[in-house]
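Residue numbers count from 1 along this sequence.
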Amino acid sequence: MKKECVAMLLAGGQGSRLYALTSHVAKPAVPFGGKYRIIDFPLSNCVNSGIDTVGVLTQYRPLELNSYLGNGQPWDLDRSDGGVHILPPYMREGEQGTWYKGTANAIYQNIGFIELYDPDYVVILSGDHIYKMDYAAMLAHHKKEEAACTISVLEVTLEEATRFGIMNVDENDTVYEFEEKPAHPKSNLASMGIYVFTWSKLREYLIADEANPDSSNDFGKNIIPSMLANGEKLSAYRFSGYWKDVGTIASLWDANMDMLYPGGEKGIDLYDTEWPIYARTPIRPPHVTGPEAEISHSLVTGGCEVNGVVENSVLFHSVTVERGAVVRYSILMPGTVVKAGAVVEYSIVAENAYIGPNARVGAPPDGTEGWGIAVVAGNVEVAENGLVAPNAMCTEPVRGGDQ
């Protein structure tokens, strides 16, 4: 089962900065863009790049993610020779089972899986970014540069650079220094957390890192600095397309709003037939609009029933917006019900939530320091006349008049 390259997709993150949205699901399984989940993007990138063997490393609340992935058929990864494989932590003979302790340890624990395919190269990916990328082009760059590791980088502003791992490079884009969230960055090349490794080199460093009791077992903190210190060649691969880390409520909301612009004017071009984004999509009838419905600049997917006003919003499948209800600048995840007279603005409402008659969720920006996107967790009921304030994180039922 020799493969030139296999991909290892790190999908076990808790996504704690998404708060209520990841209380029951792993971050890569969070719905996105009307009909997708976050993990659809790296998986689609793999198959579009010609990589047909993908290990998905799960850990935090994996049940829904595992069910969603299934046998990999939606992404053309249901193959007997390769395909998609779910790789949770496990107990080995003579050892105590442990959770994945860090990104490097997660790959270390799956050395056996990788060696089943005897690859020359391994691509390491994150399961919580929204982007399109040809990994085959990055691999070609890696081979041309004869690098031990190639790191995908994105140009950011110097102000933003303080939040990223920054690569300092020479005139040939060879990395000579790595700085983790520097207070005074020397460059604006931010690591995207996407790596191509020559497998023989990576295997060597993973084993050494695991033997170091002081290591955090992390690629950015340990593996990359160790390779630099030992004089290995690390190359930067410049990426210039759309890329968004959707690890916070604000960034998830922003990225969904970007999807409202067709043709990739702001976000990803979902109509690009040359690079489709695949997903496991439930079978639902076409959406239905009533005679008083007003829908403008919004994504409305199958199974929705809209009889109210929907503006600048993303509605996933099976959402109901009743007559007299108003939804503006919001994301309504599958199964949400917004009853008559309710107003939902600048909010994210998770799966199967219920917004009662005349309730109010969120509000437009008012310039105050405490303003932010309101969030209603999955299966939560906001009763008639209930109020969910801007920046509130609603995880319990809200009675009428409560906030």
Side-chain angles (χ1 to χ4, degrees), residues 6-32 36-47 51-79 82-92 95-117 119 122-131 135 193-195 197 202 206 210 216-220 223 245-247 252 277-280 333-334 350-351 378:
V6 301
M8 300 294 280
L9 203 167
L10 299 165
Q14 182 174 351
S16 57
R17 293 178 298 162
L18 291 178
Y19 303 102
L21 297 180
T22 51
S23 61
H24 295 92
V25 298
K27 182 162 58 171
V30 170
F32 178 84
Y36 307 99
R37 294 183 186 249
I38 297 171
I39 199 170
D40 289 328
F41 291 83
L43 281 178
S44 297
N45 288 338
C46 285
V47 71
I51 297 175
D52 63 7
T53 304
V54 184
V56 179
L57 285 67
T58 61
Q59 180 159 277
Y60 172 78
R61 293 197 178 274
L63 181 60
E64 186 166 348
L65 180 61
N66 293 354
S67 176
Y68 181 74
L69 293 175
N71 66 354
Q73 186 272 333
W75 306 273
D76 192 27
L77 290 171
D78 53 336
R79 308 185 183 202
V84 65
H85 299 261
I86 297 169
L87 304 172
Y90 63 93
M91 184 179 294
R92 287 161 291 191
E95 297 182 12
Q96 289 187 335
T98 62
W99 291 112
Y100 293 142
K101 295 179 289 184
T103 53
N105 173 258
I107 304 301
Y108 170 83
Q109 288 198 38
N110 288 284
I111 286 177
F113 168 79
I114 295 171
E115 294 195 324
L116 284 174
Y117 298 96
V122 174
V123 180
I124 308 295
L125 306 170
S126 173
D128 51 11
H129 299 154
I130 303 299
Y131 66 110
Y135 304 138
I194 300 168
Y195 311 102
F197 286 96
L202 176 58
L206 289 174
E210 189 65 22
S216 300
N217 306 122
D218 184 82
F219 279 104
I223 300 295
D245 181 345
V246 288
L252 180 65
I277 302 300
Y278 302 98
R280 185 179 296 280
M333 293 183 179
E351 298 178 67

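- Once rounded to the nearest 0.5 Å, the distance linking CG of Leu65 with CD1 of Ile38 reads 10.5 Å.
- Aromatic ring centres of Tyr68 and Trp75 lie closer together than 6.0 Å.
- Here the two rings, on Phe113 and His85, have centers that are under 6.0 Å apart.
- A distance of 4.0 Å separates CG in Asn66 from CD1 in Ile86, rounded to the nearest 0.5 Å.
- For the pair Arg37 and Phe32, the cation-pi criterion (under 6.0 Å, within 45° of the ring axis) is not fulfilled.
- With rounding to the nearest 0.5 angstrom, the OH atom of Tyr131 is 11.0 Å from the CG atom of Asp245.
- Residues His129 and Val246 form no side-chain contact, since every pair of their non-hydrogen atoms from C-beta on lies 4.5 Å or further apart.
- Taking 4.5 Å as the limit, every side-chain heavy atom of Leu9 sits out of range of all side-chain heavy atoms of Leu57.
- Note that CD1 of Ile107 is 10.0 Å distant from CD1 of Ile223, once rounded to the nearest 0.5 Å.
- In terms of heavy-atom proximity, Met333 sits nearest to Glu351 at CB-N, 3.7 Å.
- Remark: Tyr278 engages no residue in a ring-ring contact (aromatic ring centres under 6.0 Å, His included) (not counting sequence neighbours).
- Side-chain atoms of Gln59 come within 3.5 Å of backbone atoms of Tyr100 as a donor-acceptor pair (strictly under, hydrogens ignored).
- Residues Gln73 and Arg79 are not in side-chain contact: their nearest non-hydrogen atoms beyond the backbone lie 4.5 Å or more apart.
- Within a 6.0 Å sphere centred on CG of Leu63, heavy atoms belonging to other residues, nucleotides or ligands number 12 at most.
- Residues Met8 and Val122 have side chains in contact (heavy-atom distance under 4.5 Å, counting atoms from C-beta outward).
- When every heavy atom of Pro74 is checked against every heavy atom of Ala279, the shortest pair comes out as CB-O, 3.6 Å.
- Between Val123 and Ile51, some side-chain heavy-atom pair lies under the 4.5 Å cut-off.
- Between Ser126 and Asp128, the side chains place a donor N or O and an acceptor N or O closer than 3.5 Å (distance only, hydrogens not considered).
- The CG atom of Asn217 lies 8.5 Å from the OG1 atom of Thr103; values are rounded to the nearest 0.5 Å.
- Within the 4.5 Å cutoff, the side chain of Thr58 has heavy atoms near those of the Val56 side chain.
- Checking side-chain atoms of Ser67 against main-chain N and O of Glu64 turns up no donor-acceptor pair under 3.5 Å.
- Taking every heavy atom of both residues into account, Ala104 and Leu206 meet most closely at O-CD2, 3.5 Å.
- The two residues Gly127 and Pro28 make their nearest non-hydrogen contact at O-CB, 3.2 Å.
- The two residues Ala7 and Leu125 make their nearest non-hydrogen contact at CB-CD1, 4.2 Å.
- Side chain of Asp40 to main chain of Tyr36: no donor-acceptor pair is present (N/O by atom type, distance under 3.5 Å, no hydrogens or angles).
- Inter-residue side-chain proximity for Val47 and Val54 is flagged as unmet; no heavy-atom pair is nearer than 4.5 Å.
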Requested in this report: Give the C-alpha distance, both sets of side-chain angles, the deciding distance and a yes or no for side-chain contact (heavy atoms from CB on, under 4.5 Å) between Leu69 and Ile39.
Outcome: CA-CA 9 Å; Leu69 293 175; Ile39 199 170; 4.1 Å; yes
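- Of all heavy-atom pairs spanning Leu87 and Gly55, the tightest one is CD1-CA, 3.8 Å.
- Between Arg280 atom CZ and Asn71 atom CG the span is 6.0 Å, to the nearest 0.5 Å.
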